[in-house]
Amino acid sequence: MDTEARRPRSPVLLAVLVIAGALLCAGYTARGAWQVERLGWKRDLVARIERQIAAAPTPAPAPAQWAALGKDDGVGRIELRGAPDYDREVLVRAATALGGGFWVMTPVRTEAGHWVFVNRGFVPPELRGKVPRTNGTLAVTGLLRPSEPGGSLLQDNQPADNRWYSRDVATMAAARGLQGPVAPFFVDAQAAEGGASTWPRAGLTVLKFPNNHLGYALTWFALAAMVGGAVGYLLLDERRLRTKERSLADRPA
């Protein structure tokens, strides 16, 4: 459009554009502020978890404490003792630094009488069906981890076919017919000293804490700034057009 032919926008159109821009700017700013809050929460969470991992292990939560466990309580170091039931083990698909294979999930009947699934570690595919066992009571120190219900992102657990893609404690317990209380968490056994060449290979758990909130916040604030700049340009342009129109109207014929 020829700049000389442009005329001021109608007051209604201008008001609609300004209000829409203001709402977008406010919305983007609010989203950015929320991401800043999430950033602080994530940093606090990571710091707390790192302290828990570095702390001395504590006894595994008893059944009376299970209901109070939150979803963020799944990384503390705990210890337990009990009788492993190797005949009811569950092998769960795993991808590790050693390649593809299985997590060995062994139900352990604790000295208190309830069950806890213990991830004894990773085994390669060739050891499926012949996972090494230990004799006697199993003493475990490791990370308390929350159950992983349902399956993986792409595949659901198939208990009837003994195909497992996530460590779903409740479903594994039902599939293996465990009687008595079953903990709603499992324990990732930590690597024992000198156990780097034994199977199952413990200590391969990778704890990742994605923290993209700063990037998200900057993106939202940048969008807010762009919209704010666009609204400012619109108002300046409208002022210029109206000034020009008035000057033309005041010019002698």
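Heavy-atom basis, side chains included; hydrogens, waters and symmetry copies ignored.
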| said: Is it the case that the side chain of Trp164 and the backbone of Pro159 share a donor-acceptor pair, with hydrogens and angles ignored and the cut-off at 3.5 Å? | reply: no
| Got a donor-acceptor contact below 3.5 angstrom from the Ser166 side chain to the Glu148 backbone? | yes
| field | For the student: nearest non-hydrogen atoms of Gly21 and Val227, plus distance | value | O-CG1, 3.2 Å
| Between the side chain of Gln35 and the main-chain N/O of Gly32, is any donor-acceptor distance below 3.5 Å? | no
| Is there side-chain contact between Phe221 and Thr29, with at least one heavy-atom pair below 4.5 Å? | yes
| When you look at Asp237 and Arg240, which way does the side chain to side chain contact (heavy atoms under 4.5 Å, CB included) test go after all the steps? | CA-CA 5 Å; Asp237 183 59; Arg240 182 182 63 80; 2.9 Å; yes
| note | Residues Gly100 and Pro125: closest non-hydrogen pair is O-CD, 3.3 Å
| Least distance between heavy atoms, Pro200 atom then Val104 atom | CG-CG2, 4.0 Å
| request: State, with a plain yes or no, whether a side-chain heavy atom of Val140 is found less than 4.5 Å away from one of Val108. | output: no
| request: Check whether Leu39 and Trp220 end up in the same hydrophobic cluster, where Ile, Leu, Val, Met, Phe, Trp and Tyr are linked by side-chain heavy atoms less than 4.5 Å apart. | output: no
| request: Answer yes or no: are there more than 12 heavy-atom neighbours, outside Glu126 itself, under 6.0 Å from its atom CD? | output: yes
| request: Answer with yes or no whether the hydrophobic clustering places Leu235 together with Leu13; edges join I, L, V, M, F, W, Y residues whose side-chain heavy atoms lie under 4.5 Å apart. | output: yes
| Is it the case that one hydrophobic cluster holds both Leu218 and Met226, taking links as side-chain heavy atoms less than 4.5 Å apart, direct or via other members? | no
| message | What I'd like to find out is whether the side chain of Phe185 reaches to under 4.5 Å of the side chain of Val116, using heavy atoms alone. | response | yes
| query | Quick one: are Phe102 and Val131 in side-chain contact, heavy atoms under 4.5 Å? | reply | no
| task | Of all the heavy-atom pairs spanning Gly129 and Leu91, show the shortest one and how long it is. | result | N-CD1, 4.4 Å
| note | Tightest non-hydrogen contact, residues Phe186 and Arg167, listed as CZ-NE, 3.5 Å
| request: Could you grab the distance from atom CH2 of Trp103 to atom CZ of Phe122, nearest 0.5 Å is fine? | output: 7.5 Å
| Checking side chain to side chain contact (heavy atoms under 4.5 Å, CB included) for the pair Leu223/Arg31: CA distance, chi angles, key distance, verdict? | CA-CA 10 Å; Leu223 288 172; Arg31 293 290 295 181; over 6 Å; no
| message | Please check this pair: side chain of Tyr165 against backbone of Gln158, looking for a donor-acceptor N/O pair closer than 3.5 Å. | response | no
| field | Interatomic distance, Met172 atom CE to Met105 atom CE [nearest 0.5 angstrom] | value | 4.0 Å
| field | Beyond-backbone contact of Arg163 with Gln155, side-chain heavy atoms, under 4.5 angstrom | value | no
| task | With rounding to the nearest 0.5 Å, note down the distance linking CG in Asn157 to OG in Ser152. | result | 7.5 Å
| task | Over all heavy atoms of both residues, which pair between Ala202 and Ala189 is shortest? Give the atoms and the distance, please. | result | CB-O, 3.4 Å
| task | Could you tell me the separation between the NE2 atom of His114 and the CG atom of Leu80, rounded to the nearest 0.5 Å? | result | 7.5 Å
| request: Let me see the working for Arg133 and Asp87 under side chain to side chain contact (heavy atoms under 4.5 Å, CB included), right down to the final yes or no. | output: CA-CA 10 Å; Arg133 304 178 175 185; Asp87 293 332; 3.4 Å; yes
| Where the side chain of Arg88 meets the backbone of Ala175, is there a donor-acceptor pair that is under 3.5 Å apart? | no
| query | Say you draw a straight line from CZ of Arg176 to OG1 of Thr106; how long is it, rounded to the nearest 0.5 Å? | reply | 11.0 Å
| Any donor and acceptor pair, going by atom type alone, linking the side chain of Glu111 with main-chain N or O of Arg81 inside 3.5 Å? | no
| field | Value rounded to 0.5 Å, distance of CZ in Arg120 from OH in Tyr86 | value | 5.0 Å
| request: Assess whether side chain to side chain contact (heavy atoms under 4.5 Å, CB included) is satisfied between Asn119 and Arg145, documenting all intermediate values. | output: CA-CA 10 Å; Asn119 176 16; Arg145 303 294 304 279; over 6 Å; no
| field | Donor-acceptor contact present, side-chain Asp168 to main-chain Gly150, <3.5 Å | value | yes
| Heavy-atom distance under 4.5 Å between the side chains of Pro61 and Leu144, does that happen here? | yes
| query | Any chain of hydrophobic side-chain contacts (each under 4.5 Å) joining Val123 to Leu98? | reply | yes
| query | Quick one: do Trp199 and Val92 end up in the same hydrophobic cluster if we chain Ile, Leu, Val, Met, Phe, Trp and Tyr together by side-chain heavy atoms under 4.5 Å apart? | reply | yes
| Is there a donor-acceptor pair closer than 3.5 Å between any side-chain N or O of Trp66 and the backbone N or O of Ala183? | no
| said: Taking atom CZ as the centre, does Arg43 end up with more than 12 heavy-atom neighbours from other residues, nucleotides or ligands that are less than 6.0 angstrom away? | reply: no
